[in-house]
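Report on the following structure.
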Amino acid sequence: MLLNSGVQSGDLMMPHSFALEIFISIKWGSGHDEMLPVLENFPLFGEISAGQMRKVRAQVRIRLDAWDNVHALADAQLPDPDGGEIFIYHFNSKGSLYGKTLLPFNSHEIENLTILDYTVDSEESCYLLEQMQSGEPIIRLRKINKNGDLIWCRTDFTQRDKKISRKLDSNFERLLMDEHYRLFLPATQDTGEIIQIDPVDGTLLNLCKSERSSSNVFLDARGNLVYVLYFPELNRRGFGIFNIAEHKLKTVVAGDELYGWLIYPFGVDSSSNIYVWNENAIARISFGGQVQVMASIDNIVVRSNDGMILSSQIVSIDEKILAVQVKEHSISGVLNRAELRLPEKLNPEKSGTWKLIHFDERDRYYVFGGEEPGHTGTLLVYSREGDLEETISPPEDLLPIESTLESHSKWGVDSKGRVYMPVINAQGFKVLRLIRI
């Protein structure tokens, strides 16, 4: 069934008030209540100037389970055979660390293996969807229990009566589990197949097919697959809800005004609202096509001494002047705003990306940007009043001060529509929660 939403730009919902709160905070380290830090080289440009290469902390990919627990995995290349251990860390619905699962790898696999996706059940067992790049790519699914033991490993799936079988291939990039422990592998390309796996032994329980599919697929609290779809025959984007029990797909074709909003979805809530990122804007889109902008954020900084939360975004003052707008947040909303004007020579055509990366104990703002292939960036230091005090180019090592909001592809959304955003800084790993007030 194909429906047209008929959404018009006038249907854009007025924004409500939202607040940021620290949901998870854990220090770097090797202790039982700490997270191992992972470093990688940056920037990864084709052209790198002398002294431009530096170390940054690897991004951390979080996943929310059906019970609103949060799980975290450092999203970097696996270490060499002599490197450190790899864990998935488990945080409960109150943000407290309650366990971590050691992931076992054979030494010959390390350099050729990528974790495409993962999910975790309520007993801390982890399910890893992996790709091995040794010759012909191999896609496999493994179950690891909370003690780090391999329970089963599959590259193809067969029903117990052996009437149906399916081999994993590059069509499968997502792994989803609902509160009833139903484990699904939805094909993210043209085949539209949906494999349901028995989590106990890895056998195939069911194989069905959706008329349309997408790499942007999520599982809502009602056990439906929610797709963000592209309709090539109409050059439009839209939505699809696949009822797994009935094997039926309902689609909605959105209007032109939603085309850009639907490029980068990152989650759904219990009402099948879709959460998206669009050029620093975070929004919620109903299945009927109404858009509610929640916030606009380029980066988030959490000050180490008092936990103050600051967000920043680049704004245009006029044709010649840009500014980094900073907001100080609390659980009750925005407490204070600052406008840090960039020097006029940094005009919009040459500006690059500028964002707040640090707020020191003297209430000074550190803004970094202008980094591009072959050119180091510039660090600008502003007073509390917004006056430019220092211009440092190239800056010294940023690792001791830099705070980074992870890419939207690493975020999560719970059943209540709260957005979980990983932030890493010199002190440790954090998850900020964006909530409606």
Side-chain angles (χ1 to χ4, degrees), residues 1-5 7 13 61-68 116-119 129 171-197 206 208-231 234 236-255 258-278 282-292 294 408-420 434:
M1 182 177 181
L2 186 65
L3 305 175
N4 194 304
S5 66
V7 178
M13 295 176 66
R61 183 179 3 173
I62 64 169
R63 291 289 182 263
L64 272 68
D65 62 28
W67 306 272
D68 287 344
L116 300 174
D117 202 1
Y118 73 96
T119 191
L129 182 63
N171 284 300
F172 298 94
E173 302 173 2
R174 294 300 309 273
L175 183 62
L176 305 167
M177 175 177 277
D178 67 10
E179 62 181 356
H180 303 295
Y181 298 93
R182 295 189 301 171
L183 185 63
F184 298 102
L185 281 163
T188 55
Q189 298 182 28
D190 296 335
T191 63
E193 290 172 299
I194 301 160
I195 301 175
Q196 182 181 350
I197 305 301
N206 191 19
C208 57
K209 188 171 184 178
S210 172
E211 298 171 16
R212 295 179 183 265
S213 58
S214 164
S215 59
N216 296 313
V217 56
F218 310 93
L219 190 66
D220 69 17
R222 294 171 291 184
N224 298 314
L225 290 177
V226 180
Y227 293 96
V228 176
L229 300 170
Y230 174 64
F231 299 87
L234 302 172
R236 297 278 188 89
R237 298 187 189 276
F239 321 96
I241 291 186
F242 185 82
N243 186 309
I244 297 173
E246 299 178 0
H247 294 192
K248 290 183 179 180
L249 176 71
K250 175 184 177 181
T251 60
V252 172
V253 179
L258 289 187
Y259 192 92
W261 282 108
L262 294 174
I263 296 177
Y264 300 114
F266 59 84
V268 298
D269 62 21
S270 61
S271 300
S272 300
N273 295 311
I274 297 169
Y275 292 73
V276 300
W277 178 90
N278 182 22
I282 303 164
R284 171 168 52 215
I285 304 178
S286 71
F287 202 74
Q290 292 179 306
V291 180
Q292 181 186 46
M294 301 170 67
H408 64 277
S409 63
K410 310 292 189 292
W411 300 357
V413 179
D414 68 14
S415 58
K416 297 179 180 178
R418 296 172 295 195
V419 178
Y420 295 72
L434 184 67

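Two residues are said to be in side-chain contact when any heavy atoms from C-beta on lie closer than 4.5 Å; S213 and Y227 meet this criterion. Taking the side chain as every heavy atom from C-beta outward, D117 and R63 approach each other to under 4.5 Å. With contacts defined as side-chain heavy-atom distances shorter than 4.5 Å, the pair F184/I244 qualifies. Counting heavy atoms from C-beta on, the side chains of F242 and C208 come closer than 4.5 Å. Side-chain contact between N206 and H247 is present, with at least one heavy-atom pair separated by less than 4.5 Å. A heavy-atom distance below 4.5 Å is not found between the side chains of E193 and N171. Side-chain contact between L185 and L175 is present, with heavy atoms from C-beta onward closer than 4.5 Å. For the pair L225 and S210, the minimum side-chain heavy-atom distance is 4.5 Å or more.
Of all non-hydrogen atoms in V217 and P186, the two that sit nearest each other are CG1-CG, 3.9 Å. R236 approaches Y230 most closely through the heavy-atom pair O-CD1, 3.3 Å. Considering every non-hydrogen atom in both I263 and N216, the closest pair reads O-ND2, 4.2 Å. For the residue pair I274 and P265, the shortest heavy atom distance occurs at CG2-CB, 4.0 Å. Residue S272 comes nearest to D220 through the heavy atom pair OG-OD2, 2.8 Å, listed as atom of the first residue, atom of the second, then distance. Minimum interatomic distance between S286 and N273 (heavy atoms only, all atoms of both residues): CA-OD1, 3.3 Å.
Within the 6.0 Å centre-distance limit, the rings of W67 and Y181 are counted as a close aromatic pair.
Qualifying salt bridge (charged side-chain N to carboxylate O under 4.0 Å, His left out) partners for E173, counting only residues two or more places apart in sequence or in other chains: none. Remark: F172 pairs with no residue by the ring pair (Phe, Tyr, Trp, His ring centres under 6.0 Å) rule, at least two apart or across chains.
Using a 3.5 Å distance cut-off with no hydrogens or angles, the side chains of R284 and Y275 do pair a donor with an acceptor.
Between D414 and K416 there is no salt bridge, since no side-chain N of the basic residue sits under 4.0 Å from a carboxylate O of the acidic one.
The OG atom of S415 lies 12.0 Å from the CZ atom of R222; values are rounded to the nearest 0.5 Å. Between the CZ atom in R174 and the CG atom in L129 there is a gap of 10.0 Å [rounded to 0.5 Å]. Rounding to the nearest 0.5 angstrom, the gap separating the NZ atom in K209 from the CD1 atom in I194 is 11.0 Å. Distance CG/L116 to OG1/T188: 9.0 Å, rounded to 0.5 Å.
Under the side chain to side chain contact (heavy atoms under 4.5 Å, CB included) test applied with L183, the options D178, T119, L176, I195 reduce to a single match, T119.
Within the 3.5 Å criterion, the main-chain N or O of V228 finds a donor-acceptor partner in the side chain of S214.
Between W411 and F266, the ring planes lie perpendicular to each other; the angle is over 60°, past the 30° to 60° tilted range.
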- Would F231 and R212 satisfy side-chain contact (heavy atoms from CB on, under 4.5 Å), going step by step from the backbone distance to the final call? CA-CA 9 Å; F231 299 87; R212 295 179 183 265; 3.4 Å; yes

